[in-house]
Protein chains: 2
Amino acid sequence: MSLRYAILGFLSSTPASGYQIGREFQNGAGSYWSALPSQIYPELHELEELGWVSGQVSKTDRLRRKIFRLTPRGEEELQKWVEADNDYPPERDSERLRLIFLDGAPPDVIRRHLAGHRAHYDKRLVVWRGLREAVEKRTLRQLVRRLAMRPPADHELVIRLKLLALDGNIRRAELEIAWAQEALEWLDALEADRRKRRRAQ
Amino acid sequence: MSLRYAILGFLSSTPASGYQIGREFQNGAGSYWSALPSQIYPELHELEELGWVSGQVSKTDRLRRKIFRLTPRGEEELQKWVEADNDYPPERDSERLRLIFLDGAPPDVIRRHLAGHRAHYDKRLVVWRGLREAVEKRTLRQLVRRLAMRPPADHELVIRLKLLALDGNIRRAELEIAWAQEALEWLDALEADRRKRRRAQ
DNA sequence: CTGCCCATGTAAATCGTTACATGATTAC
DNA sequence: GTAATCATGTAACGATTTACATGGGCAG
């Protein structure tokens, strides 16, 4: 169900076409939910049938884009969902799974995995930090649009919550990087020790 | 595809029935992958058809349990998967999604969400810490069985990798708790400040 | 006029959850 | 005997990914 509300959330800052939503929901982009166009277009149609969004093909535009916007009903439903208790997803971590079963593999393979882990979160970190800066400088498009449709008294909270969420993700990424780094160092020490012992025999 | 290998991994420490696998894969249990019996039983049958596991109904047992064990082929396939590069899943975080759209909600609702976040990871933390202790004391069943089928020279690595994975999860949980805690304190300060300003007017 | 990005979709397959069914064993 | 737990499944639904299809606009 979250995709539905991720779309509503996006549209609560600005009207947009399915294509624009698709770009934002591409993995690596700034949003907290990812989905492919093949999932987004049908969902938009369902939302339209529900009357939670309304779409109209722009006439001024040569590109036959269909721009969707939240209806009052959609806004209500979004708010209801947002305030509801969260269901945390079950644990599913394929990298951890690999790691604990790598106990029969050569150290270089373990090293490759840890380095890959670090590299993955290095990339994520760059994205999150970039977004954080864009929020602080008020250059993030989504944020600017959201602020524009709200009373100035709310601006601080809007920004603070965005920063809070981003900081959480930044700290997660930093943690994973530090963890992998320490693990790599431990692995190096372990191997040095083993080489020493082999020589000592 | 990961479920398949999570099952193979489990069976690489000890033969087991679908029911036993089901208990371990219950969320909250110690494994890094969760799944329900309705997914596990069919997967075991597919694995049997592939010849990666072989199951036989125990005759000494009054309960008609079917015990599965890895075949050599299954061991090979597991090792291949374990060593392969990991595909990290796309970002999907419904709690973050809620948080950034909570900017129109009353502070108490935000507080409830942050407290819920902390509570969730408090629970996870207890589980991970418990498992860590059980690994250190060598009382964890899965671990004992895995060690039993390996040369003593490998024991340290087996244990270290388990601890490494658990420490990662413990640190994740601690991070989420600290993050939520700090956010709650910030929220308290914000509200105190607002009350003060309102009085000052 | 060719290749790239914009733009919108459908169909099939895979993965995961929810709901339902059934029977045997064990503890009270 | 009856409730809880053991044990194994099937069917339907929902969510996600992969593959495929189509056509317009724009830059070189």
Side-chain angles (χ1 to χ4, degrees), chain A residues 1-8 10-11 15-29 31-50 53 55-68 81 87-94 97, chain B residues 1-8 10-11 15-29 31-50 53 55-68 81 87-94 97:
Chain A
M1 276 290 99
S2 295
L3 171 62
R4 168 163 304 180
Y5 297 97
I7 291 174
L8 291 180
F10 186 87
L11 294 177
S17 68
Y19 187 78
Q20 285 173 284
I21 296 171
R23 319 217 100 223
E24 203 73 16
F25 283 43
Q26 217 124 282
N27 203 22
S31 101
Y32 297 101
W33 202 263
S34 85
L36 298 165
S38 59
Q39 208 185 353
I40 291 165
Y41 288 112
E43 187 65 42
L44 278 169
H45 295 154
E46 276 181 58
L47 284 169
E48 205 176 11
E49 269 183 68
L50 285 168
V53 307
Q56 47 184 22
V57 179
S58 162
K59 284 165 194 169
T60 60
D61 202 350
R62 309 172 246 348
L63 302 139
R64 59 262 170 279
R65 284 190 298 183
K66 195 171 177 183
I67 304 295
F68 293 90
W81 179 83
D87 261 355
Y88 288 85
E91 292 286 336
R92 260 178 210 117
D93 188 331
S94 60
L97 212 50
Chain B
M1 275 290 97
S2 296
L3 171 63
R4 167 163 303 182
Y5 297 97
I7 291 174
L8 291 179
F10 186 87
L11 294 177
S17 68
Y19 187 79
Q20 285 174 284
I21 296 171
R23 317 216 101 224
E24 202 73 16
F25 283 42
Q26 219 123 282
N27 204 23
S31 101
Y32 297 102
W33 202 262
S34 85
L36 299 166
S38 59
Q39 209 185 353
I40 290 165
Y41 288 111
E43 187 64 44
L44 279 169
H45 294 155
E46 277 181 56
L47 284 169
E48 204 176 10
E49 270 184 67
L50 285 167
V53 307
Q56 47 183 23
V57 178
S58 163
K59 284 165 196 169
T60 60
D61 202 349
R62 304 172 252 345
L63 301 140
R64 59 263 169 276
R65 282 189 300 183
K66 194 170 179 184
I67 304 295
F68 293 90
W81 179 82
D87 262 355
Y88 287 85
E91 292 284 337
R92 259 177 211 118
D93 188 331
S94 59
L97 212 49

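Each chain gets a letter, A, B and so on, in the order its sequence line appears, and its residues count up from 1. Computed from a predicted model, the values in this text were never measured in an experiment.
- A close approach under 4.0 Å does occur between a side-chain nitrogen or oxygen of A/H45 and OP1 or OP2 of C/dG9.
- Summarising the geometry, the separation between OH on A/Y88 and P on C/dT17 is reported as 18 Å, rounded to the nearest angstrom.
- Look at CG on A/D87: it is 15 Å from C1' on C/dG16, rounded to the nearest Å.
- The distance from atom CZ of B/F25 to atom P of C/dC15 is 15 Å, rounded to the nearest whole Å.
- Look at CD on B/E43: it is 16 Å from P on D/dT8, rounded to the nearest Å.
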Atom pairs under 3.5 Å, N or O on each side, protein against nucleotides 16-18 of chain D: can you list them with distances?
| residue | atom | partner | partner atom | Å |
| --- | --- | --- | --- | --- |
| D/dT16 | OP2 | A/Q39 | NE2 | 2.9 |
| D/dT16 | O3' | B/R92 | NH2 | 3.3 |
| D/dT17 | OP1 | B/R92 | NH2 | 3.2 |
| D/dT17 | OP2 | B/R92 | NH2 | 2.9 |
| D/dT18 | O4 | A/S38 | OG | 2.7 |

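- Residues in residues 36-45 of chain B take part in these salt bridge (Lys or Arg N to Asp or Glu O under 4.0 Å) pairs, two or more places apart or across chains: B/R4-B/E43.
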message: Before you tell me yes or no, could you show the steps for A/Y19 and A/R65 under side-chain contact (heavy atoms from CB on, under 4.5 Å), namely the whole-Å CA-CA distance, both residues' side-chain angles and the distance that decides it to 0.1 Å?
response: CA-CA 8 Å; A/Y19 187 78; A/R65 284 190 298 183; 5.8 Å; no
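- Taking atom CD of residue B/Q26 and atom P of nucleotide D/dA7, one finds them 13 Å apart after rounding to whole Å.
- A/S34 meets the side chain to side chain donor-acceptor pair (under 3.5 Å) test with no other residue; sequence neighbours excluded.
- Residues B/L97 and B/D93 form no side-chain contact, since every pair of their non-hydrogen atoms from C-beta on lies 4.5 Å or further apart.
- Atom-to-atom, OH of A/Y5 to P of D/dG14 comes out at 14 Å; the value is rounded to the nearest Å.
- Among the protein residues, A/R4 comes within range of no part of the nucleic acid, since none of its heavy atoms lies under 4.0 Å from any strand.
- Following rounding to the nearest Å, B/L47 (CG) and D/dG9 (P) show an atom-to-atom distance of 13 Å.
- In plain terms, the two heavy atoms of B/L8 and B/L47 that are nearest each other are CD2-CD2, 4.1 Å.
- Checking C/dA7, C/dG23, D/dT8 against every side-chain atom of A/Y19, the shortest atom distance belongs to C/dA7.
- Note on B/R64: every side-chain N or O is 4.0 Å or more away from OP1 and OP2 of C/dG23.
- In this structure, the side chains of A/S2 and A/W33 come closer than 4.5 Å at one or more pairs of heavy atoms.
- Classification of the B/Y5-B/W81 ring pair by plane angle, with boundaries at 30° and 60°, yields parallel.
- When the side-chain nitrogen and oxygen atoms of A/R65 are compared with OP1 and OP2 of C/dA7, one or more of them lie within a distance under 4.0 Å.
- Protein atom CZ of B/F68 is 11 Å distant from nucleotide atom C1' of D/dG9, rounded to whole Å.
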